[in-house]
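Heads up, the thing below is written out as structure tokens.
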Number of protein chains: 2
Amino acid sequence: MTNDKDNTITGKITRALAERIIAGHIAPGTKLRQDYFAEEFGASHVPVREAFRRLEAQGLVVSEPRRGVRVASFDIAEVHEVAEMRASLEVLALRHAAPHLTAAILDAAEAINRTGENAADVRSWEEANRAFHRLILTPCGMPRLLTTIDDLHAASARFLFSGFRMEWEAPTDQDHRAILKALRDRQFDVAAATLARHVKWIGTKPGIKTRLKTPS
Amino acid sequence: MTNDKDNTITGKITRALAERIIAGHIAPGTKLRQDYFAEEFGASHVPVREAFRRLEAQGLVVSEPRRGVRVASFDIAEVHEVAEMRASLEVLALRHAAPHLTAAILDAAEAINRTGENAADVRSWEEANRAFHRLILTPCGMPRLLTTIDDLHAASARFLFSGFRMEWEAPTDQDHRAILKALRDRQFDVAAATLARHVKWIGTKPGIKTRLKTPS
DNA sequence: AGATTCGTTTTTATCTATAATTTTGAACCT
DNA sequence: AGGTTCAAAATTATAGATAAAAACGAATCT
């Protein structure tokens, strides 16, 4: 979505705000004032507004005309929704990527998976997790699909970072290992089914906060 | 995505441009100059820029920093990609919507289907087709999923209107009838499978222009 | 006291002006 | 002639200024 080589001020502001919202540094429902961020980034408010439009399309903020934008709130239903969408689309991507997966890619995925298992905090675990999924899905060669999946990952990460589980330990990622094994064995159906279950499971973790929506 | 009650100038420009791009009135690859549209809509170029950002997120235009935006080009691969994504996501939506489908909704869908079959041109057929899909999918109650599907429908419509088939006749929509029948019989798996096949078929129609990409 | 209206303040949305970058084209050199 | 360099023109990106709408609060009325 947001091109990494987008070096415009709008691009920088978009990335910075997306980062903060995903990390949970700005609470859901918070009103985002354009003048405030214009000053913070040493810019005028025009690029801030453009950043708002991008974030809006990504689903990270909601905008009411003449009333500004607020950080999007989300509830357990949306977490499920995103999980289901990811499951559907990542399976689709994997089906198309599978024939193009080389041993080298699978080795790299395994390495990243180990990195994730040794991660010290949620943040770096999520980064490794995202890299893992990206690595095995990218060869599908479907750019629109991949950017949509990226947006969904951002939404998932937001949930993950929302502190629904205070203490956190790096899990040995059994599912990832099973997916890789199935891919090596060319058992693509097994890999796809495992991936679907794996992604959907994220939305059903125990101990979920059900009240994240802001009282309107 | 774009809220219909968005009465801001940005909103109007966004809708007008999206309309034209989808209808094929502006050719893929065409450079969109902000000053031109600012004057046309009697506005300054700031809301035009915001509209560009929205269209960019929708995939209707592509933007290169400092070089402006162009109407997004698309090739046969992307048509397939969109069809596959629609198939996956519409099936997901239908699975969640199915339990909430009432006889009244199915009757309305059947009526819309007849409207489509009597359509005089591609334009009105597409409108009825889109209404049909929307009607049976909306009860899924997954807003994010529905807006994503809407964006994909826009991309599909763009392809449909791109004149890949000069003469056009309204088809009796056999698939739609089959889907409705399966839904009435509570055979949700049949309905889902038919829907998937139906949507994917769009990308495989004969007589497709394969050279829509602009020579870069 | 509680509600309501009106005016002030804050914030958004838009316009006009300026700066920076890219494109275009002509002159120049080989 | 063909290519290259440099300057002029066009266009994008951003800043600063203005207008309009909404939020807020105080004063008034019931």
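With rounding to whole Å, A:Arg70 atom CZ is found 13 Å from C:dT11 atom P. Atom CZ of A:Phe41 and atom P of D:dA15 are 13 Å apart (whole Å). As rounded to whole Å, 16 Å separates atom C1' of D:dT12 from atom CD of B:Glu50. Straight-line distance from the CD1 atom of A:Ile9 to the P atom of C:dA19: 15 Å, rounded to whole Å. Atom NZ in A:Lys12 sits about 14 Å away from atom P in D:dA13, given to the nearest Å. C:dT18 atom P lies 16 Å from atom CG of B:Asp35, rounded to whole Å. Here the C1' atom of nucleotide D:dT12 and the CZ atom of B:Phe52 are 11 Å apart, to the nearest Å. Residue B:Arg49 contributes atom CZ, which lies 16 Å from atom C1' of C:dA13 at whole-angstrom precision.
Between D:dT11, C:dT14, C:dT11, one nucleotide has an atom nearer to the side chain of A:Arg33 than all others, and that is C:dT11.
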Q.
Determine whether A:Asn129 and A:His153 satisfy the following criterion, side chain to side chain donor-acceptor pair (under 3.5 Å), listing intermediate values before the conclusion.
A. CA-CA 10 Å; A:Asn129 181 262; A:His153 267 271; 4.8 Å; no
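Judged by distance alone, the side chains of B:Thr30 and B:Arg70 never bring a donor and an acceptor atom under 3.5 Å apart.
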Q.
Output one letter per nucleotide in nucleotides 17-22 of chain D: B when a protein non-hydrogen atom lies under 4.0 Å from the base, S when only the sugar-phosphate is that close, - when neither is.
A. B---SS
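Checked by atom type and distance alone, the side chain of B:Asp151 never pairs as donor or acceptor with a backbone atom of B:Ala154 at under 3.5 Å. Looking only at distances, a side-chain donor or acceptor of B:Ser124 sits under 3.5 Å from a matching main-chain atom of B:Asp121. Between the side chain of A:Glu84 and the main chain of B:Leu92, no donor-acceptor pair closer than 3.5 Å is present. No donor-acceptor pair closer than 3.5 Å links the side chain of B:Glu50 to the backbone N or O of A:Arg49.
At least one side-chain nitrogen or oxygen of B:Thr10 sits closer than 4.0 Å to the OP1 or OP2 atom of C:dT14.
In this structure, B:Ser44 and B:Lys31 both approach DNA chain C, and ranking their closest nucleotides by distance from the 5' end singles out B:Ser44.
Around the CD atom of B:Glu127, the shell of radius 6.0 Å holds no more than 12 heavy atoms that belong to other residues, nucleotides or ligands.
Contacts of A:Leu32 with the nucleic acid, taken as non-hydrogen atoms under 4.0 Å apart, involve only primed sugar atoms and P, OP1 or OP2.
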